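Since the model is a prediction, treat every value here as computed from it, not as a measurement. Below, chain A is the first sequence line, B the second, and so on; all start at residue 1.
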2 protein chains.
Amino acid sequence: MRNVSIKDIAAAAGVSHSTVSRALRNSPLLKPETIARIQKIAQEKGYTASAAARSLVTRRTQTIGVVVTTIADPFVAEVVSGIEEAANEHRYSVFLANSNAEPEREMNVVRSFAEHRVDGIVVTSSRVGALYTPMLSSMQVPIVLVNNQHPGEFVHSVMIANFEASRQATGLLVELGHRRIAYLGDRFGYQSDSERFAGYREALDCAGLAFVPELVSHGDGRPEGGYEAMKKLLALPDPPTAVFCYNDMSALGALKAIREAGLRVPRDISIVGFDDLFVAEYAEPPLTTVRQPRRQMGRLAAEILLKLIQGEQADEVLRVPGELVLRQSTAPPPCPEPR
Amino acid sequence: MRNVSIKDIAAAAGVSHSTVSRALRNSPLLKPETIARIQKIAQEKGYTASAAARSLVTRRTQTIGVVVTTIADPFVAEVVSGIEEAANEHRYSVFLANSNAEPEREMNVVRSFAEHRVDGIVVTSSRVGALYTPMLSSMQVPIVLVNNQHPGEFVHSVMIANFEASRQATGLLVELGHRRIAYLGDRFGYQSDSERFAGYREALDCAGLAFVPELVSHGDGRPEGGYEAMKKLLALPDPPTAVFCYNDMSALGALKAIREAGLRVPRDISIVGFDDLFVAEYAEPPLTTVRQPRRQMGRLAAEILLKLIQGEQADEVLRVPGELVLRQSTAPPPCPEPR
DNA sequence: ACGTAGAATGGACACGTTTGCGGAACGTCT
DNA sequence: AGACGTTCCGCAAACGTGTCCATTCTACGT
């Protein structure tokens, strides 16, 4: 059964289809009673405009594409939630595509977005494939990145203020009295890792603490990597009394390593994470960490994108502040053993 | 700058646009060299077909709509990941829409899907608003539900085999030697709760254990509710030695309540969850739970939907088995206090 | 050389919408 | 009464593609 079109309504109302079109868009060219009459008929017939036909002539699809490495990543999911929310408020719909960081899927994503003529794109994947960058930008639409590790050739992005947040987090450990503070980083050379590391260094400097290279260990951003990296730190002759971790996932692994070593958090060692993933709250002990306003970041990215679509100016790199969330994985350092 | 169309290519190749259309679709009506020549030109000009124009005439959009309450729910996100994956393999794109369980947004979702003429819909939200059910079904497209609590008027759905999984999980506790096994359920009357409860009852019956009403307590499916419900159980004169929880979220709350009561898991009390959320693995202790093959369920839902779109038959209610994952929150009951 | 079957291609319309332009109806002013 | 300005509406073209039908071209058999 065909969908009812503007012409069917025109026939029913005894007017031309142009008039119907205008009536449905509340054109001031029509007299109010005509508008009301036509809208009533449209309502009765259960009319729904065809986005395809409309966008064919308006050259706007009211649609944005969102690429993610995988929506199964809770971090990404919340960002997308914010994007979708903001888009919806502006009557935009979102196409979701997972790239899985696979070149083939990345091609599919580009093709799909191009064919559907999305008005703009938000990329929420830490890594964008090299070959895929030029393809994305070749399709003449605005693009906004969220927390991207290689913003390189793109202009617009929304990012967490890594440096400041990291300095603040490390600062907390300093204030608690720690003097041997380790940095458990990420080994992939991401921009966020170097920024967080820089914040860590800065906090040490401010406190007049010397930087000790042995106190830096690298994981892989996941619990397994954090676990191994923490074991190395624990094996030092003089282990740290506090560890600032690149992210919560690493911190989870670190917690496990510490537990297995028979030590207690925060009594023996303090741990600070980064992200405030849901699990941070339910770790044992609940993790002190830096909250990233993920949903908000998604909203902002969408709003910047929508501005760009309207042809307006928008922030090029927007830094949003993190928030230090105090839980129970941080405490003053243990008293030196009495001797 | 306009996108290059089929006509531009026709002009460049000195043929009619119909020929180009055929060439791009590898029609056997054209001779191979013409096809090759035209495809080459299309390639050079960076041609991308317009999905809008195409779907206007084919009456197919190669698009499916996915409604979720919120993509920020990790459970949902993984299901969606599976849906998107399967859809992509069949060259379908997905529209993602969050309903947030708000009537207004639900209306928006329906409008948006209707206007975009999606070929089918997957609903991954535990609750579908009453008013919104008829709207969805009014738009003449196939619909598949995933783990929906009120499948009511819809025909097709994919669900976890609650009863069997729950019986098995409770059975584990029985085998470990527990005799006072509690059920920490959900209070909203969801179908999954009653099915899981039924499985629990069945396992008790099989083991010849009497059902004790006091050993049933209700949370709200979230940690807070689980926490409160567990406190009630702990306050009993003769508390349970094991608890089977409606889901992992409730179990997390239960773990917290137990910790606060100064008891240890699993030494004093065993806990089993349901879902195998990511956090289950990193809870303290790591949680024994029932894994739901979320991604797989998403894939299946998409595949059923795609079959329906092709006009084929498909399973009406597909039950997928859960998998009991043994971790460290379960052990034999404590020895009775020596006296 | 000519008719013809079959292969290859073009013409035209349709899909559903928006919009510039022109025209009819109506009222107002001189 | 005629000129003119408004108000309201219809006509037609356009967006990019698919496809039926008609037409041209090619090659073949006689």
Side-chain angles (χ1 to χ4, degrees), chain A residues 1-39 41-42 45-63 91 111 114-119 139-140, chain B residues 1-39 41-42 45-63 91 111 114-119 139-140:
Chain A
M1 190 184 85
R2 239 180 69 258
N3 270 304
V4 320
S5 87
I6 217 179
K7 289 182 190 169
D8 302 324
I9 298 178
V15 297
S16 79
H17 76 273
S18 338
T19 304
V20 176
S21 171
R22 287 192 260 259
L24 294 174
R25 335 189 86 246
N26 287 306
S27 160
L29 293 176
L30 266 46
K31 64 174 153 188
E33 59 242 46
T34 315
I35 296 188
R37 188 167 60 92
I38 295 181
Q39 289 192 345
I41 297 179
K45 296 215 160 203
Y47 170 78
T48 330
S50 158
R54 173 178 296 159
S55 61
L56 201 52
V57 25
T58 61
R59 313 189 135 288
R60 279 294 183 78
T61 55
Q62 296 279 108
T63 278
R91 305 203 121 213
R111 183 186 46 71
E115 290 192 348
H116 284 102
R117 304 280 194 268
V118 295
D119 292 337
M139 48 187 292
Q140 312 290 359
Chain B
M1 192 184 83
R2 236 179 71 258
N3 270 304
V4 319
S5 87
I6 216 178
K7 289 183 189 168
D8 303 323
I9 299 178
V15 298
S16 78
H17 81 272
S18 335
T19 304
V20 177
S21 172
R22 286 190 263 258
L24 295 174
R25 332 189 90 247
N26 288 307
S27 160
L29 292 175
L30 264 46
K31 61 174 152 191
E33 58 240 47
T34 319
I35 295 189
R37 188 168 60 91
I38 294 181
Q39 288 193 346
I41 297 180
K45 296 217 161 203
Y47 170 79
T48 329
S50 158
R54 174 178 295 158
S55 62
L56 201 52
V57 27
T58 61
R59 311 189 140 285
R60 279 292 182 80
T61 56
Q62 295 278 109
T63 279
R91 306 205 121 212
R111 182 185 47 72
E115 291 192 348
H116 286 102
R117 305 280 193 266
V118 295
D119 292 337
M139 48 187 294
Q140 314 288 358

Residue closer to the 5' end of DNA chain C, A:Thr48 versus A:Leu29 (nearest nucleotide): A:Thr48

Between the side-chain atoms of A:His17 and the base atoms of C:dT18, is any donor-acceptor pair under 3.5 Å? yes

Just to be sure I understand the rule, does B:Ser50 reach a base, reach only the sugar-phosphate, or reach nothing, if contact means heavy atoms closer than 4.0 Å? sugar-phosphate

Taking the side chain as everything from C-beta on, heavy atoms only, tell me whether B:Val20 gets closer than 4.5 Å to B:Tyr47. no

Once you apply a heavy-atom cut-off of 4.0 Å, does A:Thr34 come out as touching a base, just sugar-phosphate, or nothing? sugar-phosphate

Looking across every strand, which nucleic acid part, if any, lies under 4.0 Å from B:Ser5 by heavy atom: base, sugar-phosphate, or nothing? sugar-phosphate

Quiz question: going by heavy-atom distance under 3.5 Å, is there a donor-acceptor pair between the base of D:dG10 and the side chain of A:Arg22? yes

With heavy atoms under 4.0 Å as the rule, sort B:Ala52 into base, sugar-phosphate or nothing. nothing

Determine whether any donor atom in the side chain of B:Thr19 lies under 3.5 Å from an acceptor atom in the base of C:dA8, or the reverse, and answer yes or no. no

Do A:Thr19 and A:Leu30 touch side chain to side chain, with heavy atoms closer than 4.5 Å? yes

Provide the closest heavy-atom pair for A:Ala51 versus B:His116 in the form atom of the first, atom of the second, distance. CB-CD2, 3.6 Å

Contacts of B:Pro32 and A:Ala49 projected onto DNA chain C by closest heavy atom; the upstream (5') one is B:Pro32

pair A:Arg22-A:Ile38: side-chain heavy atoms closer than 4.5 Å: no

Out of D:dG16, D:dT17, C:dT17, which nucleotide sits closest to the side chain of A:Tyr47? C:dT17

Considering only heavy side-chain atoms of B:Arg25, the closest of C:dT19, C:dC15, D:dT19 is D:dT19

Using a heavy-atom cut-off of under 4.0 Å over every strand shown, decide if A:Ser21 touches base, sugar-phosphate, or nothing. base

Out of D:dG10, D:dC15, C:dG11, minimum distance to the side chain of B:Ser18 belongs to C:dG11

